[in-house]
Amino acid sequence: VQLQASGGGLVQTGGSLRLSCAASGGSLSTYIMGWFRQAPGKERVFVAAVRWSGGITYYADSVKGRFTISRDNAKNTVYLQMNSLKPDDTAVYYCAADRRLGRLPSEYDYWGQGTLVTVSS
């Protein structure tokens, strides 16, 4: 599975961004697609995940109610809609895939390159 993340940028506090993760290289129906983020000097942490089949979603408490993860089967793409952004959301965001649900980076076998999100105050 190959993953290509995009959509990062600079946004003001309270603004919105939508990240995309295009997937290729195999059938995704049995995969969990996740988003993680890594702020400067900090560890990579779980943000959200979605079961490709069925669309069940999972969120970190820090983004619940502000971020929405979704997938487009026809485009083999997963999205992360980020609203009400805060400076604390500033990080490099990574998409990931694995066949089992997890909230630790070590539980995901496939990773895209990161995309930088910067939220100015």
Side-chain angles (χ1 to χ4, degrees):
V1 175
Q2 292 83 46
L3 305 173
Q4 180 76 30
S6 62
L10 174 63
V11 64
Q12 292 185 334
T13 296
S16 298
L17 277 176
R18 188 178 78 160
L19 306 183
S20 300
C21 177
S24 62
S27 173
L28 298 172
S29 62
T30 60
Y31 278 84
I32 306 294
M33 305 297 295
W35 284 98
F36 288 76
R37 66 186 182 187
Q38 187 165 16
K42 296 187 177 181
E43 295 183 346
R44 193 171 300 186
V45 297
F46 173 80
V47 174
V50 60
R51 290 189 180 274
W52 197 272
S53 178
I56 300 174
T57 57
Y58 310 86
Y59 295 95
D61 288 343
S62 59
V63 305
K64 203 171 292 184
R66 300 188 298 124
F67 290 12
T68 303
I69 188 170
S70 62
R71 84 264 189 262
D72 185 324
N73 290 341
K75 296 182 178 180
N76 268 10
T77 299
V78 175
Y79 302 100
L80 185 69
Q81 177 67 44
M82 306 185 295
N83 298 329
S84 302
L85 283 162
K86 309 173 183 178
D88 284 351
D89 295 317
T90 294
V92 176
Y93 284 71
Y94 298 88
C95 60
D98 201 86
R99 295 184 185 274
R100 295 177 296 178
L101 175 66
R103 292 180 179 243
L104 298 175
S106 59
E107 296 177 294
Y108 286 76
D109 283 341
Y110 303 99
W111 290 87
Q113 90 292 358
T115 185
L116 176 63
V117 172
T118 303
V119 184
S120 63
S121 57

Problem - Contact check, side chains of Ile56 and Val50, non-hydrogen atoms, under 4.5 Å - result: no

Exercise for the section: Treating Ile, Leu, Val, Met, Phe, Trp and Tyr as nodes and any side-chain heavy-atom pair under 4.5 angstrom as an edge, say whether Val1 and Ile32 lie in one connected cluster. Expected result: no

Handout entry: Shortest non-hydrogen contact from Gln113 toward Ala5
Key = NE2-O, 2.5 Å

Problem - Interatomic spacing from OG in Ser20 to CG in Leu3 - rounded to 0.5 Å - result: 12.5 Å

Handout entry: Between CG on residue Leu116 and CG on residue Leu10, distance to nearest 0.5 Å
Key = 9.0 Å

Exercise for the section: Ignoring hydrogens and angles, tell me if any N or O in the side chain of Thr13 forms a donor-acceptor pair with the backbone of Ser120 under 3.5 Å. Expected result: yes

Fill in the blank from the handout: CZ of Arg51 to OH of Tyr31, rounded to nearest 0.5 Å, is 14.0 Å

Practice task
Determine, using the 4.5 Å side-chain heavy-atom cutoff (strictly less than), whether Trp52 and Tyr94 are members of one ILVMFWY cluster.
Solution key: no

Exercise for the section: Kindly say whether Lys75 contributes a backbone atom to a donor-acceptor pair with the side chain of Thr77 at under 3.5 angstrom? Expected result: yes

Problem - Residues forming a side-chain contact (heavy atoms from CB on, under 4.5 Å) with Val11, sequence neighbours excluded - result: Leu17, Leu85, Val119

Handout entry: Rounded distance [0.5 Å steps], OH in Tyr93 versus CH2 in Trp35
Key = 10.0 Å

Practice task
Can you see which heavy atom on Gly25 is nearest to which on Gln2, and at what distance?
Solution key: CA-OE1, 3.6 Å

Completion exercise
All heavy atoms of Ala39 vs all of Ala91, minimum pair found to be N-CB, 3.7 Å

Handout entry: Whether Arg44 side chain and Val92 backbone form a donor-acceptor pair below 3.5 Å
Key = no

Exercise for the section: Please answer: with hydrophobic residues joined when any side-chain heavy atoms are less than 4.5 Å apart, are Leu28 and Tyr110 in the same cluster? Expected result: yes

Practice task
Without swapping roles, check the side chain of Gln4 against the backbone of Cys21 for a donor-acceptor pair under 3.5 Å.
Solution key: no

Fill in the blank from the handout: Correct closest heavy-atom pair for Ala49 and Leu101 would be CB-CD1, 4.1 Å

Practice task
For residues Ser29 and Ser53, report the shortest heavy-atom separation together with the two atoms involved.
Solution key: O-CB, 3.1 Å

Exercise for the section: Evaluate the side-chain proximity of Trp111 to Pro105: yes if any heavy-atom separation is below 4.5 Å, no if none is. Expected result: yes

Handout entry: Within one Ile-Leu-Val-Met-Phe-Trp-Tyr cluster: Val63 and Phe46, side-chain cutoff 4.5 Å
Key = no

Exercise for the section: Taking the side chain as every heavy atom from C-beta outward, state whether Ser70 and Gln81 have any pair of such atoms under 4.5 Å apart. Expected result: no

Completion exercise
The complete set of salt bridge (Lys or Arg N to Asp or Glu O under 4.0 Å) pairs with one or both residues in residues 57-71, sequence neighbours excluded, reads Asp61-Lys64, Arg66-Asp89

Exercise for the section: Keeping to residues at least two apart or across chains, list the salt bridge (Lys or Arg N to Asp or Glu O under 4.0 Å) pairs with something in residues 92-101. Expected result: none

Problem - Geometric cation-pi criterion Arg18 and Tyr79, 6.0 Å radius, 45° cone - result: yes

Problem - Rounded distance [0.5 Å steps], CZ in Phe67 versus CG in Asn83 - result: 8.5 Å

Completion exercise
Distance col, row Arg37:CZ vs Leu19:CG, nearest 0.5 angstrom, shows 11.0 Å

Handout entry: Validation row, ring centre Tyr108 to ring centre Phe36 under 6.0 Å
Key = yes

Exercise for the section: Using modelled atom types only, decide if a donor and an acceptor are shared between the side chain of Thr115 and the backbone of Gly8 within a distance under 3.5 Å. Expected result: yes

Problem - Close side-chain approach of Thr68 and Tyr59, heavy atoms under 4.5 Å - result: yes

Practice task
Answer whether the closest heavy-atom distance between the side chains of Tyr58 and Arg103 falls below 4.5 Å.
Solution key: yes

